[in-house]
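Here the structure comes first, spelled out in structure tokens, and everything after it is commentary.
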Amino acid sequence: MNEYAFRAEGIAVKLDLAVGHIADLAIERGGRVLHPLHRASWADGPQDQVPPDLSAGVARLSGDFLCAPFSRSDIEEAPLHGWTANSAWEAVSEDAIEGGRQARFRLLRKVMGATVDKVLTLRDHHPFLYEEHVFTGGSGSIPVACHPMTEMREGGRLAFSPKRLAATPENAPEPDPARGKSMLAYPARSEDLGRFPTAAGGTVDLADFRADLRHEDFITLVEAAHGGIGWTAAARRAEADIVLVMKNPEELPVTMLWISNGGRYYSPWNGRHGVIGMEDGRTAVGHAASLGDNWLRREGVATAFELGGKIAFRHVVGAIPAHGGDAPVSVTAADGTLRVEFADGAQELVAFDDKFLRIGQSPLN
């Protein structure tokens with residue numbers, strides 16, 4: 001594998017340069033090494049043993065990657081999630097910065113005529129990977145998403161920054177019962193994430209990730225107006241940690257949950273369970289849909305960036321040790337510290353670059 005690896009004190013990352021996916025993120029914390037990101041089991045096996053029609057991004061599926069566009073590439077021809085997730089990147093530079101290291105990578109292809117850079121920053125003793133993606137030039141509009149995935153082998157609890165609604169698309173991801181099954185109703189929506197409609201006619205708590213259920217589902221959460229960090233937390237039972245994914249909601253106003261929990265029976269998934277994608281984006285499902293009269297735009301939610309100058313958006317992923325299996329109720333940042341609070345009144349204070357996400361600033365567009 002063509003990987004690029006670098007590290008700061010207490011944290012290390014590897015990038016799969018063939019497709020631009022994070023191959024591994026290792027965080028030293030509390031006398032342990034936490035690995036918050038999931039790498040598909042088939043990605044390290046012989047590639048001639050995966051179905052030949054898989055895109056490179058699915059064949060080498062791992063960690064976190066940039067989707068541009070998200071889902072279908074039906075404006076400019078490209079594989080699922082675009083060339084940013086399916087083709088080669090080159091290392092441009094790696095430099096020491098104050099208290100850490102920073103590396104810059106460039107996509108060898110262009111997207112809608114734009115040059116795409118990936119800037120990864122590690123800071124000493126910060127349990128987070130700071131990511132920035134930059135589009136320079138080009139024309140037209142591009143929907144984007146960051147695609148971090150984590151494994152929850154024995155389930156756990158999810159938690160979110162305030163959302164104003166959750167909605168599933170028109171069609172279930174696996175409508176053919178011979179190939180898989182879904183649990184949620186399609187289409188459906190709810191303002192209460194604790195009571196989302198199911199296909200069976202009941203409701204389910206979206207924060208409850210259960211290992212004993214088998215289903216493949218996709219749902220979009222729309223950020224509420226709250227003025228703070230947008231965040232998703234996964235309190236993983238077997239892994240005994242809390243995975244944190246953070247964004248600026250002005251840049252990436254939706255969070256999409258891809259719940260791949262044993263509901264796909266065919267190769268290469270073969271009924272494997274326990275993986276969830278926590279995917280922050282500025283997108284609908286597909287390039288053309290993102291530019292058209294989609295349901296998110298009717299809700300006042302932006303679903304693409306306009307190309308032509310310089311666009312830069314940021315994202316953070318990391319992990320801290322578990323707090324008794326509980327998910328947080330609040331995540332805030334100030335004065336170089338991330339404050340993670342729990343329902344019992346406990347809090348975890350973690351070193352954090354509180355300026356990085358540019359909360360309160362408009363997107364660079």
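What you see below is based on every heavy atom in this structure, not just the backbone, and it leaves out hydrogens, waters and symmetry mates.
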Open item on the list: Given 3.5 Å as the limit, does a donor-acceptor pair link the side chain of D208 with the main chain of D205, or not?
Closed with: no
TODO: Verify, without hydrogens or angle tests, whether R157 (side chain) and A234 (backbone) share a donor-acceptor contact under 3.5 angstrom.
DONE: no
- [ ] Carefully, step by step, assess I259 and H215 under the rule side chain to side chain contact (heavy atoms under 4.5 Å, CB included).
- [x] CA-CA 7 Å; I259 305 167; H215 57 107; 3.5 Å; yes
- [ ] May I ask you to list the residues sharing a hydrophobic cluster with V92, side-chain cutoff 4.5 Å, ordered by chain and number?
- [x] none
Task: S161 side chain vs W231 backbone, donor-acceptor pair below 3.5 Å - done: yes
Open item on the list: How long is the straight-line distance from CD1 of I27 back to CG of L37, given to the nearest 0.5 Å?
Closed with: 7.5 Å
For residues 120-129, dump all side-chain donor-acceptor pairs below 3.5 Å to protein atoms at least two apart in sequence or in another chain.
residue, atom, partner, partner atom, Å
T121, OG1, Q102, NE2, 2.9
R123, NH1, E98, O, 3.0
D124, OD1, E9, N, 3.0
H126, ND1, Y130, OH, 2.8

Open item on the list: Grouping I, L, V, M, F, W and Y whenever their side-chain heavy atoms are under 4.5 Å apart, do V119 and F313 come out in a common cluster?
Closed with: no
- [ ] Look up atom OG in S62 and atom CG in L25, then write down how far apart they are to the nearest 0.5 Å.
- [x] 11.5 Å
Open item on the list: D24 vs R39, test: salt bridge (charged side-chain N to carboxylate O under 4.0 Å, His left out). Steps then yes/no.
Closed with: CA-CA 8 Å; D24 187 39; R39 182 169 174 80; over 6 Å; no
Open item on the list: Centre-to-centre under 6.0 Å for Y186 and F218, is that the case here?
Closed with: no
Open item on the list: Do P79 and S73 have side chains that approach each other closer than 4.5 Å (heavy atoms only, starting at C-beta)?
Closed with: no
Task: Option passing salt bridge (Lys or Arg N to Asp or Glu O under 4.0 Å) with E223 (candidates R164, K247, R282) - done: K247
- [ ] Please identify each residue that fulfils side-chain hydrogen bond (donor to acceptor under 3.5 Å, both in side chains) with D212, with sequence neighbours left out.
- [x] R210
Open item on the list: Under a 3.5 Å distance rule, please check whether R339 uses its side chain to pair with a backbone N or O of Q347 as donor and acceptor.
Closed with: no
Open item on the list: I'd like to know if the side chain of R189 pairs up with that of T168 as donor and acceptor (distance under 3.5 Å, no hydrogens or angles considered).
Closed with: no
Task: Ionic contact status for R101 with D95, cut-off 4.0 Å - done: no
Task: Taking every non-hydrogen atom, the tightest pair across A103 and Y4 - done: CB-CE2, 4.4 Å
Task: Modelled atom types, side-chain donor and acceptor of E76 and W83, under 3.5 Å - done: no
Open item on the list: Taking transitive links into account, so neighbours of neighbours count too, which hydrophobic residues share a cluster with Y265 at under 4.5 Å side-chain distance?
Closed with: none
Open item on the list: Looking at every non-hydrogen atom in both residues, tell me the closest pair between E3 and L17 and how far apart they are.
Closed with: C-CD1, 4.4 Å
Open item on the list: Could you report the tightest heavy-atom contact between W89 and T84, atom names first, then the distance?
Closed with: NE1-O, 3.1 Å
Task: Close side-chain approach of R237 to M152, heavy-atom, < 4.5 Å - done: no
- [ ] Identify whether V243 and L252 are in the same connected component of the hydrophobic contact network (ILVMFWY, side-chain heavy atoms under 4.5 Å).
- [x] yes
Open item on the list: Test your reading of the model: is there a side-chain donor-acceptor pair from T198 to the backbone of G202, 3.5 Å cut-off?
Closed with: yes
TODO: State yes or no: do F70 and I311 share one hydrophobic cluster built from I, L, V, M, F, W and Y residues joined by side-chain heavy-atom distances below 4.5 Å, directly or via other members?
DONE: no
Open item on the list: Run the ring pair (Phe, Tyr, Trp, His ring centres under 6.0 Å) test against F342 and tell me which residues pass, sequence neighbours left out.
Closed with: H323
- [ ] Each residue besides L349 in its hydrophobic cluster should be listed here, by chain and number; the cluster joins Ile, Leu, Val, Met, Phe, Trp and Tyr at side-chain heavy-atom distances under 4.5 Å.
- [x] none
TODO: Identify, with sequence neighbours excluded, every residue that meets side-chain hydrogen bond (donor to acceptor under 3.5 Å, both in side chains) alongside D64.
DONE: none
Open item on the list: According to ring pair (Phe, Tyr, Trp, His ring centres under 6.0 Å), who are the partners of H21, at least two apart in sequence or on a separate chain?
Closed with: F65
Open item on the list: So, taking the atom named CZ in R60 and the one named CG in D44, what distance separates them when rounded to the nearest 0.5 Å?
Closed with: 8.0 Å
Task: Distance (rounded to the nearest 0.5 Å) between I276 CD1 and W258 CH2 - done: 10.5 Å
Open item on the list: Checking T150 against V275 for the side chain to side chain contact (heavy atoms under 4.5 Å, CB included) test, could you report, in this order, the C-alpha distance in whole Å, the side-chain angles of both residues, the deciding distance, and whether it holds?
Closed with: CA-CA 6 Å; T150 195; V275 176; over 6 Å; no
Open item on the list: Please tell me whether L158 and F196 are part of a single hydrophobic cluster in this structure, the criterion being side-chain heavy atoms less than 4.5 Å apart.
Closed with: yes
Open item on the list: Salt bridge or not between E251 and R314? Use side-chain N to carboxylate O under 4.0 Å.
Closed with: no
Open item on the list: For R272 and S41: C-alpha separation, side-chain torsions, deciding distance, then whether side chain to side chain donor-acceptor pair (under 3.5 Å) applies.
Closed with: CA-CA 9 Å; R272 296 182 180 92; S41 59; 3.0 Å; yes
TODO: For salt bridge (charged side-chain N to carboxylate O under 4.0 Å, His left out), just list the numbers for R7 and E28, CA-CA rounded to whole Å, side-chain angles, deciding distance to a tenth of an Å, and then say yes or no.
DONE: CA-CA 11 Å; R7 63 176 295 116; E28 299 170 17; 3.2 Å; yes
Task: Point-to-point distance, once rounded to the nearest 0.5 Å, from CD1 of I320 to CD1 of I242 - done: 4.5 Å
Open item on the list: Between R106 and E90 (salt bridge meaning N to carboxylate O under 4.0 Å), is one present in this structure?
Closed with: no
Open item on the list: Less than 3.5 Å apart, any donor N or O on the side chain of E174 or S182 sitting next to an acceptor on the other?
Closed with: no
Open item on the list: So, using side-chain hydrogen bond (donor to acceptor under 3.5 Å, both in side chains) as the criterion, who are the partners of H315 when residues are at least two apart?
Closed with: D280
- [ ] Check whether M278 and I22 end up in the same hydrophobic cluster, where Ile, Leu, Val, Met, Phe, Trp and Tyr are linked by side-chain heavy atoms less than 4.5 Å apart.
- [x] yes
Task: Interatomic spacing from CD1 in I359 to CE in M246 - rounded to 0.5 Å - done: 10.0 Å
- [ ] Return yes if some donor-acceptor pair links the side-chain N/O of N261 with the main-chain N/O of L213 below 3.5 Å, else return no.
- [x] yes
Open item on the list: So, using side-chain contact (heavy atoms from CB on, under 4.5 Å) as the criterion, who are the partners of N294 when residues are at least two apart?
Closed with: A284, L296, R297, T303
Open item on the list: Quick check: do D117 and F105 have side-chain heavy atoms less than 4.5 Å from each other?
Closed with: no
Open item on the list: Any non-hydrogen side-chain atom of L54 less than 4.5 Å from a side-chain atom of P268?
Closed with: yes
- [ ] Identify, with sequence neighbours excluded, every residue that meets side-chain contact (heavy atoms from CB on, under 4.5 Å) alongside A333.
- [x] I229, L338, F352, D354
Task: Side chain proximity check, P69 to S290, heavy atoms < 4.5 angstrom - done: no
- [ ] Might you point out which heavy atoms bring V204 and M183 nearest each other, and give the distance in Å?
- [x] CG2-CE, 3.9 Å
Open item on the list: Can you tell me which residue among R32, R236, R29 is in a salt bridge (Lys or Arg N to Asp or Glu O under 4.0 Å) with D241?
Closed with: R236
Quiz: residues 133-144 side-chain donor-acceptor pairs under 3.5 angstrom, not counting sequence neighbours:
residue, atom, partner, partner atom, Å
H133, NE2, K118, NZ, 2.9
S141, OG, E306, OE1, 3.0
S141, OG, E306, OE2, 2.5

